[in-house]
Amino acid sequence: MAKKTENAGPSVSAQEALEFHASGRPGKLEINPTKPMATQRDLSLAYSPGVAVPVKAIAEDPSRAFDYTTRGNMVAVITNGTAILGLGNLGALAAKPVMEGKAALFKRFADIDAIDLEVDTENVDEFINCVRYLGPSFGGINLEDIRAPDCFIIESRLRELMDIPVFHDDQHGTAIISAAGLINALHLTGRDMKTAKLVCNGAGSAGIACIELIKSMGFSPENVILCDTKGVVYQGREEGMNQWKSAHAVKTDARTLAEALDGADIIFGLSAKGALTPAMIQSMAKNPIIFAMANPDPEITPEEVAEIRTDAIMATGRSDYPNQVNNVLGFPYIFRGALDVRATTINDAMKVAAAQALADLARQDVPDDVAAAYQGNRPKFGPNYIIPVPFDPRLISAIPVAVARAAMDSGVARRPILDLDKYAQELSARRDPIASTLQRIYDRVRRQPKRVVFAEGEEEQVMRAAVSYANQRLGAAILVGREDRIKETASHAGVDLDRPGIEIINARLSRRNAIYADYLYERMQRKGFLFRDCQRLINNDRNHFAACMLALGDADAVVTGVTRNYSTALDDVRRVIEAKPGHRVIGVSIALCRGRTVIVADTAVHDMPNSEQMADIAEEAAGFARRMGYEPRVAMLAYSTFGHPAGERSARVQEAVQILDKRRVDFEYDGEMAADVALNAKAMQQYPFCRLSGPANVLIMPAFHSASISTKMLQELGGSMVIGPLLVGLNKPVQIVSLNAKDSDIVNMAAIAAYSAGA
């Protein structure tokens with residue numbers, strides 16, 4: 001059976017993975033109340049006596065539980081740990097990190113609250129009996145990592161016993177995504193489902209689910225051959241058979257996988273590395289469709305296929321090849337649609353609808369924020385783009401709508417949605433853009449790796465960040481420092497620097513030292529610096545050395561800041577690298593709070609900007625927002641709103657708006673306004689003349705201190721995630737992290753700097 005695909009991606013070290021799961025609060029989940037709990041009255045409403053009212057209402061009408069509790073947006077992710085990823089039967093407790101991750105994906109991609117439940121039994125009846133009585137707590141059940149054939153029995157019985165969706169993602173997730181890719185591959189090769197010949201190698205849960213789904217879509221049963229480790233599942237075979245395999249046994253003379261593939265149009269691989277040979281692929285029909293979905297290593301690689309076939313369409317489960325069959329394209333959105341119509345089950349019609357919606361999405365022109373990941377090579381429907389990518393923002397508004405419509409049409413929806421267009425708009429508002437932004441940045445850098453200088457190479461967290469950067473195939477990491485000191489620190493810290501992609505450069509010993517000193521002297525000789533001053537800076541100050549590497553083309557980007565304060569590091573860098581012509585250097589921060597992303601500027605450079613500078617900051621921040629994939633709505637903030645109360649500082653903001661009016665900029669902006677008006681649609685409605693079409697996503701602060709205070713308060717009190725400040729406007733990409741930044745923060749900044757190098 002193939003391993004699940006939603007986690008396929010860059011390799012990470014064991015230590016890095018353990019530190020990630022242990023840092024802060026152990027694990028990946030927490031529970032937060034959605035109602036205020038600040039006063040005695042709040043508590044009275046939330047618990048006693050107020051809670052008695054919804055209790056009675058639900059007792060009278062059970063459907064009201066969806067109105068008064070979390071049930072309608074709550075999924076249980078349940079396992080017994082008998083088939084964890086590709087690791088096998090390691091038990092229920094060992095499965096918990098995976099189940100927590102699955103719950104996190106539900107929240108991240110579809111804003112569904114999920115909780116993991118690990119049931120410590122391998123007895124099928126005990127497991128079923130445990131789960132069946134949990135129905136009142138949840139709107140749906142996602143079964144996970146349960147071995148075959150137990151998973152078939154468990155899912156089937158629970159679907160009969162429960163009136164909510166029960167969905168085993170290991171089966172149906174892979175089936176739905178591969179079916180979507182198959183729809184498009186058939187279209188590109190001019191094939192018909194009724195006549196196409198398909199071989200499925202792998203008779204575990206995913207393999208069985210795949211062939212069941214494609215048969216329900218129109219494939220002729222006699223044209224679908226299932227194979228397992230013992231060969232073809234044919235009529236009359238007795239060895240290694242069970243009722244699920246027997247249901248797909250066909251009348252054929254083929255007995256081996258090689259014989260079955262002779263002349264076949266399609267191969268679905270859900271087995272193991274090396275299961276497909278070049279000779280097998282060579283024997284397939286013209287324009288073969290090859291889905292090698294074993295993870296982390298496919299049955300045969302695209303490189304191996306390319307050596308023998310130039311006419312193949314290929315998909316794998318890996319993120320570093322085109323056409324990734326990734327379960328995360330399916331389960332969050334399928335449950336989203338099912339929950340929103342209060343479906344009693346997830347049936348074949350809903351699965352087919354999800355597959356068709358995915359296929360349709362891949363045929364559409366991709367939006368700019370998806371195209372940005374390909375650095376100018378906009379993906380277009382064709383052999384290398386038959387399946388959407390996981391960070392496509394349209395998934396949340398396309399797949400649930402299709403699933404909800406199919407649920408209503410097939411009669412399993414208890415609460416039909418009357419306006420599906422409005423529903424699609426509401427779904428888009430649920431999206432969490434910042435995680436998509438980071439994923440988009442990482443994916444684009446992987447496609448065009450960059451050489452990033454880690455200026456403070458002797459620091460342990462910088463070394464760890466450099467290793468992570470190289471491990472994630474983002475490019476080469478250059479550590480600046482004394483080689484003996486770096487290797488000694490790395491040895492004590494257990495950091496392995498002896499690997500491809502890691503380079504150490506000692507500034508004093510570099511063959512480019514004299515060239516850098518000459519370059520710095522040419523820039524600084526009329527600013528009070530002697531040549532020996534510049535030589536000393538190149539020898540002793542890693543920021544100046546690293547910035548010269550960047551300025552003279554020996555690297556693509558620089559990240560620094562761990563050992564000195566932001567303003568000092570910025571002064572060092574700006575002696576070497578100036579602003580882009582016609583641009584202003586500013587700092588922006590990306591803040592995410594409760595699924596909402598806001599860009600804040602200036603958070604690093606200008607202490608008390610005048611009106612002209614504020615207008616420049618607004619233009620730079622709007623341009624940054626667009627490069628990140630957002631259409632900017634810029635609010636110029638103040639303590640006042642549209643003239644009340646009046647004051648000198650507010651007048652400066654008003655003048656900045658007038659300057660933007662004269663410049664005729666091509667983005668939405670308005671001000672001056674208080675933060676609550678800028679961010680709250682209802683508050684904004686009090687001012688019908690406001691030019692913004694909705695809540696602002698770019699906030700221009702009246703001063704550096706207000707920007708710094710507000711973002712730090714958001715982080716500490718509001719639970720927001722804040723990335724930055726990010727430097728914008730320099731002629732070369734440099735990012736400065738905060739003092740004592742964690743290795744993960746440094747890697748993010750390095751990736752952002754590398755991303756900017758390709759912009």
Side-chain angles (χ1 to χ4, degrees), residues 8-13 16 296-297 301-303 306 316 318-324 326 369-379 384-385 389-391 435-457 461-480 486 495-505 512 546-560 577 627-629 723 726-727 730-735 737 743-759:
S11 61
V12 295
S13 69
E16 186 180 6
D297 299 304
T301 67
E303 292 88 348
T316 71
R318 290 178 52 144
S319 61
D320 52 348
Y321 291 127
N323 301 325
Q324 185 191 14
N326 190 329
D369 49 352
V370 174
Y374 292 83
Q375 202 164 5
N377 299 318
R378 183 181 293 271
N384 289 324
Y385 187 69
V389 288
F391 51 81
S436 293
T437 297
L438 287 174
Q439 183 63 49
R440 187 162 62 244
I441 287 169
Y442 274 71
D443 282 344
R444 190 176 88 173
V445 175
R446 267 185 214 109
R447 288 182 174 84
Q448 296 204 0
K450 303 298 180 185
R451 286 169 55 85
V452 172
V453 182
F454 292 78
E456 298 148 308
Q461 69 265 49
V462 175
M463 297 177 202
R464 292 192 186 280
V467 169
S468 179
Y469 183 87
N471 278 352
Q472 295 186 66
R473 303 189 306 281
L474 300 172
I478 304 167
L479 292 166
V480 177
I486 290 175
V495 179
D496 180 14
L497 298 178
D498 188 17
R499 62 180 67 214
I502 303 288
E503 185 179 348
I504 299 172
I505 294 181
R512 301 279 285 168
C548 284
M549 286 187 70
L550 179 60
L552 294 179
D554 296 330
D556 298 309
V558 169
V559 62
T560 187
I577 298 171
R627 290 193 295 277
M628 292 294 103
I723 298 176
L726 309 177
L727 274 178
L730 281 174
N731 204 28
K732 297 279 186 175
V734 178
Q735 293 301 337
V737 301
D743 55 356
S744 58
D745 298 325
I746 300 168
V747 175
N748 282 340
M749 284 297 210
I752 289 167
Y755 178 90
S756 300

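Keep in mind that what you see is a predicted model, and the values were worked out from it rather than measured.
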### Query
Any side-chain heavy-atom pair from Tyr442 and Arg447 closer than 4.5 angstrom?
no
### Query
With a 4.5 Å limit on heavy-atom distance, are the side chains of Leu497 and Val495 in contact?
yes
### Gap separating the NZ atom of Lys450 from the OG atom of Ser756, nearest 0.5 angstrom
10.5 Å
### Query
Where do Asp320 and Arg446 land on the salt bridge (Lys or Arg N to Asp or Glu O under 4.0 Å) test, with the steps shown first?
CA-CA 8 Å; Asp320 52 348; Arg446 267 185 214 109; over 6 Å; no
### Task
Check whether any side-chain heavy atom of Gln735 sits under 4.5 Å from a side-chain heavy atom of Asn748, and report yes or no.
no
### Donor-acceptor pair between Glu456 and Thr560 side chains, under 3.5 angstrom
yes
### Query
What distance do Ser468 atom OG and Asp743 atom CG have between them, rounded to the nearest 0.5 Å?
7.0 Å
### Query
Can you tell me if Asp556 uses its side chain to pair, donor with acceptor, with the backbone of Arg451 under 3.5 Å?
yes
### Query
Taking side chain as C-beta onward, heavy atoms only, is Thr301 less than 4.5 Å from Tyr321?
yes
### Message
Side chains of Val747 and Phe454, heavy atoms from C-beta outward: is any pair under 4.5 Å?
### Response
no
### Message
Pairing donors with acceptors under 3.5 angstrom, does anything connect the side chains of Tyr755 and Gln448?
### Response
no
#### Entry: Ile752 side chain near Ile723 side chain, heavy-atom distance below 4.5 Å
yes
#### Entry: Pairwise distance SG(Cys548) to CG(Asp554) - rounded to 0.5 angstrom
10.0 Å
#### Entry: Non-hydrogen side-chain atoms of Pro302 and Thr316 separated by less than 4.5 Å
yes
#### Entry: Inter-residue atom distance Gln461.CD - Ser744.OG, 0.5 Å rounding
10.5 Å
### Query
Which heavy atom of Ala751 sits nearest a heavy atom of Ile441, and at what distance?
O-CG2, 3.6 Å
### Taking every non-hydrogen atom, the tightest pair across Ala750 and Tyr469
CB-CD1, 3.9 Å
### Summary
Note: Val462 and Leu479 closest approach over all heavy atoms is CG1-CD2, 4.0 Å
#### Entry: CA sep, side-chain torsions, deciding dist, call: Val559, Val453, side chain to side chain contact (heavy atoms under 4.5 Å, CB included)
CA-CA 6 Å; Val559 62; Val453 182; over 6 Å; no
### Query
How many angstroms lie between CD1 in Ile502 and CG in Asn471, if you round to the nearest 0.5 Å?
7.5 Å
### Query
When Val558 is tested against each of Leu550, Ile577, Leu730, Ile478 for side-chain contact (heavy atoms from CB on, under 4.5 Å), which residue passes?
Leu550
### Task
Could you tell me which non-hydrogen atom of Ala470 sits nearest to which non-hydrogen atom of Pro500, and how far apart they are?
CB-O, 4.1 Å
### Query
Is there side-chain contact between Val389 and Gln324, with at least one heavy-atom pair below 4.5 Å?
no
### Query
Atom CG in Leu727, atom NZ in Lys732: separation rounded to 0.5 Å?
15.5 Å
### Message
When you measure from the side chain of Arg499 to the backbone of Asp496, do you find a donor-acceptor pair of N or O atoms at a distance under 3.5 Å?
### Response
yes
### Query
Asp297 and Arg318: salt bridge (Lys or Arg N to Asp or Glu O under 4.0 Å), yes or no, with the steps?
CA-CA 8 Å; Asp297 299 304; Arg318 290 178 52 144; 3.5 Å; yes
